[in-house]
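The chain is numbered in sequence order, starting from 1. For the numbers below, each heavy atom of this structure counts, side chains included, while hydrogens, waters and symmetry mates do not.
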Amino acid sequence: MTPTISIIVPCYNQAHFLDEALQSVLEQTYSHWECIIVNDGSSDNTAEIANNWVKKDKRFRYVFQNNSGLSSSRNLGIENALGEFILPLDADDKISNQYLEDRKAHV
């Protein structure tokens, strides 16, 4: 099934926040999403954490690019997105478990 919402999570050396952000995505009550984690050339363990999430749930995907900045990272995620709608989510942010469901109801 094609996801309705593509969540784009750019990450540059924020691995210490990434698990919490991605856990908030996994706990969504609305399930037709994909989450694209874009590693913007991090020197920390972002790749390891992202790959653990990819193994945990097939709706997570991982993309790497050499450090190019936040805008470039978001754009790369959007280029790889399959969803009808895009939700940018910073790696150090979380969303409530009904966030997607609440937003989808207003579309």
May I ask you to check whether [X] and [Y] show a side-chain donor-acceptor distance below 3.5 Å?
X: Glu84; Y: Thr4; value: no
X: Asn39; Y: Tyr62; value: yes
X: Ser72; Y: Asn75; value: no
X: Gln65; Y: Ser73; value: yes

Using every non-hydrogen atom in the two residues, find where [X] and [Y] come nearest and quote the distance to one decimal.
X: Ala15; Y: Asp44; answer: N-OD2, 3.0 Å
X: Cys35; Y: Val9; answer: SG-CG2, 3.7 Å
X: Asp90; Y: Arg74; answer: OD1-NH2, 2.7 Å
X: Glu27; Y: Asn97; answer: O-CB, 3.2 Å
X: Gln28; Y: Ser24; answer: NE2-O, 2.8 Å

Contacts of [X] that satisfy ring-ring contact (aromatic ring centres under 6.0 Å, His included) - sequence neighbours left out:
X: Tyr30; answer: His32
X: His16; answer: none
X: Phe60; answer: Trp33, Trp53

Check for me, please, whether [X] and [Y] land in the same ILVMFWY cluster - side-chain distances under 4.5 Å, paths through other members count.
X: Ile36; Y: Val25; value: no
X: Ile49; Y: Val63; value: no
X: Leu26; Y: Phe17; value: no

Nearest 0.5 Å, please: how far is [atom2] in [Y] from [atom1] in [X]?
X: Asp102; Y: Ile95; atom1: CG; atom2: CD1; answer: 10.5 Å
X: Ile86; Y: Ile5; atom1: CD1; atom2: CD1; answer: 10.0 Å
X: Ile37; Y: Leu22; atom1: CD1; atom2: CG; answer: 4.5 Å
X: Leu82; Y: Thr2; atom1: CG; atom2: OG1; answer: 7.0 Å
X: Leu76; Y: Asn80; atom1: CG; atom2: CG; answer: 5.0 Å

> For Ile8 and Ile78, what are the C-alpha separation, side-chain angles and deciding distance, and is it a side chain to side chain contact (heavy atoms under 4.5 Å, CB included)?
Replying inline: CA-CA 7 Å; Ile8 311 301; Ile78 292 167; 4.2 Å; yes
Looking only at atom types and distance, does a side-chain atom of [X] sit under 3.5 Å from a main-chain N or O of [Y], one as donor and one as acceptor?
X: Asp93; Y: Leu89; answer: no
X: Asn67; Y: Asp40; answer: yes
X: Ser6; Y: Ala81; answer: no

> What residues, two or more places apart in sequence or in another chain, satisfy side chain to side chain donor-acceptor pair (under 3.5 Å) together with Tyr12?
Replying inline: none
>> According to side-chain contact (heavy atoms from CB on, under 4.5 Å), who are the partners of Glu20, at least two apart in sequence or on a separate chain?
In response: Lys94
> Under the side chain to side chain contact (heavy atoms under 4.5 Å, CB included) criterion, do Cys11 and Val38 qualify, and how do the steps go?
Replying inline: CA-CA 6 Å; Cys11 190; Val38 182; over 6 Å; no
>> Strictly by salt bridge (charged side-chain N to carboxylate O under 4.0 Å, His left out), give each pair with a member in residues 46-70 just once, sequence neighbours left out.
In response: Glu34-Arg61, Asp57-Arg59
